[in-house]
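Naming convention: chains lettered A, B, ... in sequence-line order (proteins, then strands); numbering from 1 in each chain. Since the model is a prediction, treat every value here as computed from it, not as a measurement.
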Amino acid sequence: MSEYNPSEIESTIQKLWNDENRFKSTPDEREKFYCLSMFPYPSGKLHMGHVRNYTIGDVISRYKKMQGFNVFQPMGWDAFGLPAENAAISNKVSPAEWTKQNIEYMKGQLNSLGLGYDWSKELRTCDSDYYKWEQLLFKKFYDKGLVYKKKSMVNWDPVDETVLANEQVIDGKGWRSGAQVEIKEIDQWFIKITDYADELLESLDELDWPENVKTMQRNWIGKSEGAHIDFKLENSNEKLTIFSTRPDTIFGASFLAISPQHKLAIDLAKENIEISNFLEKCKEVKAAEADMAKAEKLGIPTGLDAIHPLTGKKIPIWIGNFVLLDYGTGVVMGVPAHDQRDFEFASKYNLVITQVINKENTELPCLEKGILFDSNKYDGMHSEEAITSIIKDLQSKELGEGLVQFRLRDWGISRQRYWGCPIPVVYKDGEASVVEESELPVKLPELPEGSGPIPLSQNEAFINSKDGYKRETDTFDTFMDSSWYYARFPSADNDKDVLDENSRYWLPVDLYIGGIEHAILHLLYSRFFHKALRDLDMVDGDEPFKKLLTQGMVLKDGAKMSKSKGNTVDPQAYIDKYGADTVRLYMMFTSPPEQSLEWSESSVEGSFRFLKKLWKLVDGRKLESIQEPSSISDEGKNLRQKSHSTLQKIQNDYDSRYSFNTVIAAIMELFNAIPDNFKEDSATEEEVFCLNETIIFILKAIHPIAPHISEYLWQGFAQNILNENIDSSWPKFDSKLMEASGFQLVVQINGKVRGKISLDKGLDQKEIEEAAKSIENIRNNIEGKEIRKVIYIKEKIINFVL
RNA sequence: GCCCUAUUGGCGGAAUUGGUAGACGCGCGCGAUUCAAAAUCGCGUUCCUUCGGGAGUGCCUGUUCGACUCAGGCAUGGGGCACCA
């Protein structure tokens, strides 16, 4: 008998796993389970969020393995990105070197947590072994028409000096730097994610994902059904096309508004100083006012009129700062009576307000859909009917068409950074072409020792390709790297093929675990990649991640742990002090995975205490036989009843609920239920049998969560008799043993608990009623009153309604 | 403004299909052990109480024999989206 010494046990067991290659996975006949946790950015060291994320993944992986699944759990590094460049500048170490050192340290940390990864499939996005395939995929997307280049207004982050995707602009500020984003025009590469907008929206329904994540994606994709409607300009052959979701309100249209960035506005500004001044003013407001929705509505008349396509009346054309160029057509029809925003604008500039829709069964105009009036032949129609009818009529006159509009824009992937994957494109005479497959990878040039990052645009040797070609100097958005790594993992050690038969075998990911902060960006891009890869016949299935688990934040003093708040807790200190098993146990015990977790030192102590108790019970004990004795005492039967029913509960909690906190609570309860005399030397043979069975269940049940101590104890306790590793199988519960001989009846009067009584099973309802009435408190309550009804739930509750 | 989500003891949380609210753990209190402390073990721990009981899951209504659980309304916290036509 010895003290529980976690660091010694954990390194012994980790060495064993390593020597045995315990977590190396290859395809076989078993049902497969691909469990993936979002790979980390190698920022330096693990934080608590990582520890929680990876422990959850490891617990599920180990449990699934014990259940007989062929489990694949890989790990890698999202290794390109800006922090490496910043570190390079401040530490005088190259981004490559900085990243490599961080990976080495963090890999050691992951191993010290006892995470069962198949390191033979490790990948790093900054390795050319990885990104050459990314460049190939870019080429395949290009050949398929999914990639294009255009000059466009971009979100420019002046601090990070790079372009940001719309998804990376939060409240008008850069998602990483927090700097006010400027609008700038640059040549950019784009991926046509919008080609898949409909499918990205539709197939959300089939996914076993948290509803809030699916809703966020739906909102982001933002599908609206409506129509394009043409308005001819007066005295001209030109026309303006508007987009509206409410063609039924068209008879209320009293003006058109165009975006300040619309071509017509820019043309007018060339000749009109007032308009020119107005456009300048709009730019200033846009840059200054982060919250666009609260910005004041500004407008200026163009002096031009449009002809209403159905009434033939003249309506004025305005420039309005609230009209977005890149949504719809950059032109809207103003219907002040039935749109809040149009109303504000019309009120301010004294524009005509015409009501054409009444709320159903009333004479009251409304913003919502209703019944049309003053709308010629459409009078009396309901909005829905009118929309269909008006679109049909416009279509036949070639004045418009019904269509679907998305909020989602194409994905701008060019970044003006050094530490990223070079975009494999070369130029000659201004003509762009994608680098041939045989020429890949286009390697990121190495930097001189101790050098900070040098942008590719300043690297002459890199720019000048052969035959007078010039290289593209932008690198990919790092979200490109992380959009397909899940598919590469199974093929990560294949340098001949990007996605081989292993990827076909393991995909899709059965369970993907990570933070909610990736609900839109990363998860949407990955879904797009998977669909595009499917259409290239490189993967099977429509979706990459079958089930998604979003783990909650780790909090300290009620706030998210973050460097800026100064409330971080270094997990390493706790691993060193208590061991990985205690940290894992604590993390899983203190909150369900999806909820936030409040870090508490004293509670960590509590988890440690339990492992010490477990150690004390099992260490030095040896299983001599698993032969079931011929007779077992009532006390023994009670323990077995508890053991077997607890095992069933645990299985259910692991399987269908990912409710690890209740798994642990149940294990502790079972542990507490062991009678003291069963543990003593004087215990009888049958008592020892029942105890041993309980120990086996406890070790097995806690193994996914605290794998080191359980495996170590297992070796000493049972391995010589049961002759298998602890994770080779999951024990079976016997439902026959789970039945108790008696039960406790709860007695209610008018639905309130008024008494309890222990009874034997098998009594009929009359006997139960009599027994219940014999309780003193019940008798007193019933006396002199009429029992109107008796409700009896078998062997649970009896309720007397008086 | 719209959408999602949460609200249960001093604290983290449990109650899985409407059927004993507070499992399990932390903390706290008392006791054992110890010269003492740490560690460990035992008992207690929702609130009120005249010790018979009574009340209680953010608030208000309702459905039901019975509501943390279902329905309608409201409040507060967290998250997402937002001149999206």
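The residue A:Gly606 sits close only to the backbone: its heavy atoms come under 4.0 Å of sugar-phosphate atoms, none of a base. Among the atoms of the strands shown, none is found under 4.0 Å from any heavy atom of A:Ser659. If you check every strand for non-hydrogen atoms under 4.0 Å, A:Asn652 touches a base. Among the protein residues, A:Gln595 comes within range of the sugar-phosphate backbone only, with heavy atoms under 4.0 Å from sugar or phosphate atoms but none that close to a base. Heavy atoms of A:Val323 sit under 4.0 angstrom from at least one base atom. Contact annotation for A:Lys796: backbone-only contact, meaning every heavy-atom pair under 4.0 Å involves sugar-phosphate atoms and none involves a base. In this structure, A:Gln748 reaches the bases: a heavy-atom distance under 4.0 Å links it to at least one base atom across the strands shown. No engagement by A:Lys214 is indicated, since no non-hydrogen atom pair under 4.0 Å with the nucleic acid exists. Residue A:Arg609 is in sugar-phosphate contact alone, with no base atom involved, counting any heavy-atom pair closer than 4.0 Å across all strands shown. Contacts of A:Val801 with the nucleic acid, taken as non-hydrogen atoms under 4.0 Å apart, involve only primed sugar atoms and P, OP1 or OP2.
Ranking B:C83, B:U20, B:U40 by closeness to the A:Arg341 side chain, first place goes to B:C83. Comparing B:C65, B:U40, B:G25 by their closest approach to the side chain of A:Asn672 singles out B:G25. The side chain of A:Lys612 lies closest to B:A39 when the candidates are B:A39, B:A15, B:G19. With B:A85, B:C83, B:G27 as the choices, the nucleotide that has an atom nearest any side-chain atom of A:Lys297 turns out to be B:C83. Residue A:Lys613 places its side chain closer to B:C41 than to any other of B:C41, B:U16, B:G19. When the nucleotides B:A14, B:U40, B:A23 are ranked by their closest atom to the side chain of A:Asn661, B:A14 comes out on top. Checking B:C81, B:A55, B:G12 against the side-chain heavy atoms of A:Arg754 singles out B:A55 as nearest. Of all nucleotides listed (B:A23, B:G19, B:A55), B:G19 comes nearest to the side chain of A:Asn799. Distances from the side chain of A:Asn321 to the nucleotides B:C83, B:C4, B:G80 place B:C83 closest.
Relative to the six-membered ring of A:Tyr792, A:Lys766 misses at least one condition, a distance below 6.0 Å or an angle of at most 45° to the axis.
Between A:Tyr654 and A:Phe660, the angle of the ring planes lies from 30° to 60°, which puts this pair in the tilted group.
For B:A82, one of the phosphate oxygens OP1 or OP2 lies less than 4.0 angstrom from a side-chain nitrogen or oxygen of A:Arg407. OP1 or OP2 of B:A85 sits under 4.0 Å from a side-chain N or O of A:Ser224.
Taking 4.0 Å as the cut-off between side-chain N and carboxylate O, A:Lys612 and A:Asp619 do not count as a salt-bridged pair.
One can find a donor-acceptor pair under 3.5 Å joining the base of B:U16 and the side-chain atoms of A:Lys649.
Pairing partner, B:C24: B:G12, with both Watson-Crick or wobble hydrogen-bond distances short of 3.5 Å.
Look at CZ on A:Phe322: it is 10 Å from P on B:C84, rounded to the nearest Å.
Between the side chains of A:Ser643 and A:Thr694, at least one donor-acceptor pair of N or O atoms lies under 3.5 Å. For the residue pair A:Tyr578/A:Glu605, the side-chain donor-acceptor check at 3.5 Å is satisfied.
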Checking salt bridge (Lys or Arg N to Asp or Glu O under 4.0 Å) for the pair A:Glu669/A:Lys649: CA distance, chi angles, key distance, verdict? CA-CA 12 Å; A:Glu669 231 179 299; A:Lys649 180 205 160 46; over 6 Å; no
